[in-house]
Amino acid sequence: MADDVNQVFFGDKMIQNPDGSFLRNVIKPIYEILSKVIFVLLDSTFKSIFDVYTIHSSRSGKCSLELRELIPFTCIYIDLYQFVFFNTVQIFHVGLELMFVYSLQILEQFSDGWWKSKINFVEVRTYWQVYRSFDRMWVFFIMALQAMIIVAWTQSGSTSANYEVVLRRVLSIFITYAILSFFRAILDVILSIHAWRNSDLTQPLRYLLKLVVAAIWAVVLPVGYSTSVKNPTGPLKFLNHWARDSHNQSLYNYILVLYMIPDLLAIMLFLLPRLREKMELSDWPVINIVMWWAQCLFLRLLGCFLSLIIQVNHANNLLCAAKTLCWKRHACGNLFTSKVHNILDIGAKCQASIQLLCGGYLSFFDAYLFIILPLIRPTKVIMKIQVENYRLHKFVPNVKHNMGVIIAIWSPIILVYFMDVQVWYTIFSTLLGGVLGAFRHLGEIRTIGMVHSRFESISSKFRSCFVPPHSDEVTETLSTSKEPNENEYFRCMWNEFIRSMRMEDLISNRDRELLLLPPPLTNKPGDQLPLFLLASKIPAAINIAKEFKRKDHAELEKVIGSDKYTSAAILDCYYTLKSLIFLLLKDEDDKKIVDKVFHAANGKKSFLQNFNMSGMPLLAVKLEKFLKILMADYGDEEFKSKITTALQEIMYIIHESIDDNSTLKEALKRDEISHKFKNINTDVPLNSEARRRITFFVNSLFMNMRSAPKVSNMRSFSVLTPHYNEEVVYSDEELNKENEDGVSTLFYLKTIYPDEWTNFEERMKDKLEEEKKEERRKWVSYRGQTLSRSVRGMMYYKKALELQCSMEFTDYISNEEDCIRKQKLPDLKFTYIISCQIYGNLKRSKDPRQKDILNLMIMYPSLRVAYIDEVDEASKEKTAGKTEKVYYSVLIKGDTINYSEREIYRIRLPGSPTKIGEGKPENQNHAIIFTRGEALQTIDMNQDNYFEEAFKMRNVLEEFPHSHGAQKPTILGLREHVFTGSVSSLAWFMSNQEFSFVTIGQRFLASPLRVRFHYGHPDIFDRIFHITRGGISKASKTINLSEDIFAGFNSTLRLGSVTHHDYMQVGKGRDVGMNQISLFEAKVANGNGEQTLTRDVHRLGCHFDFFRMLSFYCTTVGFYFNSLVTVLIVYVFLYGRLYMVMTGLEREILEDPQIKNNNALEAALVTQSVIQMGMLLVLPMLMEIGLEKGFRTALGDFFIMQLQLSSVFFTFQLGTKAHYFGKTILHGGSKYRATGRGFVVRHSKFADNYRLYSRSHFVKALELGLLLVIYEVYGESYRNSSLYFFITFSMWFLVGSWLFAPFIFNPSGFEWQKTVNDWTDWKWWMGIRGGVGIQPEKSWESWWDEEQEHLRYTSIRGRVLEILLALRFFVYQYGIVYHLGIAHHSRSLLVYGLSWCAVLVILIVPKVRNKFEIMK
């Protein structure tokens, strides 16, 4: 193909390139440039790739020569490098030679000095990125707030407000919109100015023209508004002078119409797509200028248009309306917004506009009534109060209307107003997500009793889901001579499912025998049922039958027939005994006698006449004795004797043994169990995990699942798992190693999984000791978050495919070729690759984990391992004797014959991939070339799978060709089950929180919100779509710390679709200890902080329609930003109250009777308290648990969680999210934090907790505690208000949680001896001097230097903001010094100056004293 392309372009001239020329001449130069950039990044100067460019440019005004050569080239070729480097084989097949020539031309241009920087978007660390990416939302909120304040202010205290006056004032929101547009234009200029240097002239020209036009409108609109006001005052009077003191009420209206002409034009083009297409293709200069000017707005309207198409094609119009209604408080009020295209957004997102408008206006009425209006009257009163006794020195003496108090009161209210969207999103996502789950049949079967009631219909549902329809067409499938019974499909799968749970030790041998489906009997019509449905029915039927007389035949038949399982048990026992006796008897006369007995018993109405029911219990006893004899292992003579005694008048002596008849033995065992066990309907199986798996599998059969194709017709797929240095299999030493309390890992697991350990011992009863030892290691490893557990789970895919092949094709194979194809078909459809990048290092160092990985490859021959091999090879340069490091991406498999590894592929790399990117995504990227098939499932190292779920893979893959709305999916999302919930109380909290997110949360994100992305766990990618569009893992250092979600961003930006499916689940482990969880939350918060700055979030936020943009905000960046705002509200509230208390304004103002009993501020802050204590996380949790397990169970779990202090835990984690998210945006410094996935059975020392939580929690909690104490001492407001008590209680609760949660949830955290040891260790750590090479774990000084490291590398803006924030601590000194009474209540500034002198004396005197003591 490459030769053909070359002939087209170059004629007869052919370019003959030696092997490796593309790697050497194209890939290697790109890699070297990237590695140089990363070297600059890691050279203790910057925190991410874009910081290198941004900071150098901001410091010097221009990039240095080195950076001019490195950074811009990186920006251009980063996507090319990722595509070429990780898809070499695909590139080879699409024209390698052509790309080679083109790439050489580009490299030659670069070598001649040509370079180009970013031309569209530059990442800048600033909080204004949140505003810039979601400016429509903020404009909407601000304008709505202004309108509500205007209406409340005008009508407050007035019984007859003029409607025209109110409307005229409300129209001033367009002035606000113009000012905000001007501010947005300024932000665009400032944040994109670094991209102008090499962009086209039209790009900066457009930004500057936008800025000029926005500035003009920001002046014209206020001037025009001033002419419409009678007798203007203040700023309006000044503006009216510019209009020569004219008065014209219509002028402002005309200006507004003129101002909206661009939006009206955009709406017209949006409604007339054909006209827009012609204009886009037109060559007229005027039209080109118009399209160039309005391109951003058209992109937004295009998003609305695509959303409209998808929503119109959506099957459920009710869900479309419900989606928009979820913005209950913020989705209406278009009267208050400026842009008519927002109205189109509403029209595009719903089918029932009347309901939406009514719900929207009602929601704003709620906000107006409970947040804004109650504060208006007190605000007016405060502005009129004259305060005489001001207790501090007035730096600004002429401030009017008590504006300091107004700001202190309104600031937390405004923050709550902006944060309120997260509350309403959570409420409505909970309600509508629950409704959507109910429509998807979730929770219809939630108990074993429900499985009993619907077991007979399971077989038909199984056939409709998993048995492909038969076709007469000749296909490439295997030829068969007959089709097996379709019920046999279900029996085979069900029994394999039960056996897999037995091998996992979830059930015992007894449970297995009760759950297995037996093969059908030849003389019995219909299929047999498992014994757990029938085992207690025979004794119950005997007790019923013995009371009946000869004339009650119809009544007996009615009673027995009322329970279908009792009837089935009787028939099962009847036909089994009949077959058994006829098989045992050899004499024909005996058979005739027995046949007469059975014929008499089979009479329809003569059964009670022929038999005496009072003898039924004695007959049952004899029958049980007879069955026991048959099942016992007697000698031949003794067996004959006992059989003769037991049968007596029924049969002659038995001459044959029955030991060799396996079918007979199975039937005997069933009859014995059915007679022996009683009351086992609801306690089989005993294990809760086994019960959960059975109920979920049965429930999933009744969901909307795609029908499975034949194995030969299904889509092939691969599974990819990245692995670094995590545990593969626990060693004996790790199992038996005891902690300081004498608790080993093995003892710990035996304690929390007692029934599974009992089942394991039962399974190991007849094993050798060496085998038991190895199986014990596996048993422990399968209960942790190890690689062996993930491999075992994923290899169920192959096991399921093998069973499906055997079910589809009978054993009658036409030829040997078909037999071979049948055996190889699972391997052709499924590939599993572990990307263990350090496997080569493990092998060279003879690490035991290498042997464990090799054991896995031997155990599972289909398993493949990819790793990066580092080899010293002789240099090809002229220098003799020199060697160089060469890197290869290698794929290996296990050799079962030689018990070793066998190399399959070896691909040379330009260098180490992990040198230029984040470890985990690069680990996936280097191995993705070895994957095969049309789909790719990404599985993390902490995940598991189950046989019954692997059986559904064919069904899930059938989702790809079916449209969901107007688009076919490119990522299939699956739900997860968190299997670590039973390890500890913290693990239970996290499992419940994660359970709600991966079920109801992602379900609602996918439909109807359509903002679900990839969250890194069991999602299935359309492999062809993604490897041709940038791959599945963006790997840039730092900025792609949370690389998973960027795959979803990339798919959505490229018009892909992400769906979620509830009928299949994958296991997942979560962190189980306090420190592990905090490190994980810190890593995710860091990743979200980096996401906020990226072009992906900016483009999605700008191009989504309004409601989809709101959904996107609240489910990604907004969640963490609102967590930060929640903490900020506490600071703003307390510092505002501190200001009022210290100045004495609170005493003066709040003595007014109109204000004294007003609780509006406290009522508004209830929202903050609800978020702070984790109640928003509990709502979806309660809904999903209630939906799937019952609402009584959900409420019970909620109360138990509260008793186990879950609110303390969630409040503590709120501080973790807020600290690391805010720090990342302001300073950077994100990094991967290894949480560890082991069992937490050890006590964490206080020094460890101090290092981890000091800056994020302890210092902040002490500051807030000091604020509360000062406010309690000096404050006198709302002492009798219950709401005030609730607010301060929630703040004290926050302080207590941040201070004591690490000790409450620390194993043995309050044991006295450990407390003493922790104190000694902490004092030793505090006393060690720091220095070069001393780790932070060894010295307080080294730790402090590491904690303050970000201040050395942050930008000037970050340093200035950090200094300004630190100045708040002077408020304490400034306020308290005037309340001490040491200067006779003087308000002079000299008092504050003298306090500084006292502080300096206190700080200097000890230093001088210590110096003199040293000199002496």
Side-chain angles (χ1 to χ4, degrees), residues 466-471 473-486 488-497 499-500 503 519 708-720 791-834 854-865 891-905 930-937 945-958:
F466 298 111
V467 180
H470 303 309
S471 175
E473 298 180 0
V474 178
T475 63
E476 295 182 359
T477 57
L478 301 178
S479 59
T480 58
S481 60
K482 66 176 184 178
E483 294 291 343
N485 180 14
E486 292 183 345
E488 185 70 10
Y489 290 168
F490 175 62
R491 188 185 72 84
C492 293
M493 183 271 161
W494 177 268
N495 288 347
E496 194 62 38
F497 170 30
R499 294 188 187 100
S500 70
M503 293 304 298
K710 290 189 175 182
V711 177
S712 56
N713 297 333
M714 69 173 289
R715 282 169 170 74
S716 55
F717 69 101
S718 297
V719 178
L720 179 62
V791 171
R792 181 196 65 174
M794 295 308 117
M795 290 309 296
Y796 278 135
Y797 283 129
K798 184 181 179 183
K799 191 174 183 180
L801 288 173
E802 290 173 343
L803 179 61
Q804 288 162 357
C805 285
S806 64
M807 289 164 53
E808 288 182 13
F809 308 108
T810 63
D811 293 332
Y812 300 96
I813 304 298
S814 60
N815 52 55
E816 185 178 356
E817 182 181 353
D818 284 348
C819 182
I820 296 175
R821 290 182 61 197
K822 173 185 174 181
Q823 296 174 357
K824 298 298 183 182
L825 190 57
D827 287 326
L828 294 175
K829 295 297 181 178
F830 166 66
T831 304
Y832 184 32
I833 296 176
I834 300 173
L854 178 60
N855 290 337
L856 290 177
M857 289 190 286
I858 299 300
M859 185 186 306
Y860 304 104
S862 299
L863 178 64
R864 304 291 183 264
V865 173
L891 183 70
I892 60 175
K893 67 176 182 179
D895 186 347
T896 55
I897 299 176
N898 301 318
Y899 198 82
S900 61
E901 62 191 45
R902 179 184 298 176
E903 187 174 300
I904 306 174
Y905 297 114
F930 300 122
T931 60
R932 295 184 288 110
E934 302 167 75
L936 174 63
Q937 185 178 29
N945 201 7
Y946 315 110
F947 172 80
E948 70 277 11
E949 301 303 317
F951 207 82
K952 305 171 188 174
M953 194 61 175
R954 292 182 302 167
N955 308 74
V956 176
L957 293 177
E958 281 301 295

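Bear in mind the structure is a predicted one, so any value in this text is a computation, not a measurement.
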- Task: Determine whether the aromatic ring centres of Y796 and Y946 lie less than 6.0 Å apart.
- Result: no
Those residues that, when tested against [X], pass side chain to side chain donor-acceptor pair (under 3.5 Å) (two or more places apart):
X: E934; answer: none
X: K798; answer: D827, S862
X: K952; answer: S700, E949
X: E802; answer: none

Given side chains that start at C-beta, do those of [X] and [Y] come closer than 4.5 Å, heavy atoms only?
X: L828; Y: S716; result: no
X: F466; Y: F951; result: yes
X: T896; Y: M857; result: no
X: V719; Y: T831; result: no
X: L803; Y: F947; result: yes
X: M859; Y: R792; result: no

Salt bridge (charged side-chain N to carboxylate O under 4.0 Å, His left out) with [X]: which residues, sequence neighbours excluded?
X: K824; result: none
X: R902; result: D895
X: R864; result: none

- For A935, which residues count as a side chain to side chain contact (heavy atoms under 4.5 Å, CB included) partner, sequence neighbours excluded?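 So A935 forms a side chain to side chain contact (heavy atoms under 4.5 Å, CB included) with F717, L957, F960, I1020.
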- Message: Please determine whether salt bridge (Lys or Arg N to Asp or Glu O under 4.0 Å) holds for the pair E903 and K893, giving the CA-CA distance in whole Å, both sets of side-chain angles, and the decisive distance to 0.1 Å.
- Response: CA-CA 7 Å; E903 187 174 300; K893 67 176 182 179; over 6 Å; no
- Relative to each other, are the rings of F830 and Y797 parallel, tilted or perpendicular (30° and 60° limits)? tilted
- Task: With sequence neighbours left out, write down each residue that passes ring-ring contact (aromatic ring centres under 6.0 Å, His included) with F497, or none if nothing qualifies.
- Result: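 Applying ring-ring contact (aromatic ring centres under 6.0 Å, His included) to F497 gives W494, F697.
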- Message: If the condition is ring-ring contact (aromatic ring centres under 6.0 Å, His included), which residues does Y860 pass it with, not counting sequence neighbours?
- Response: none
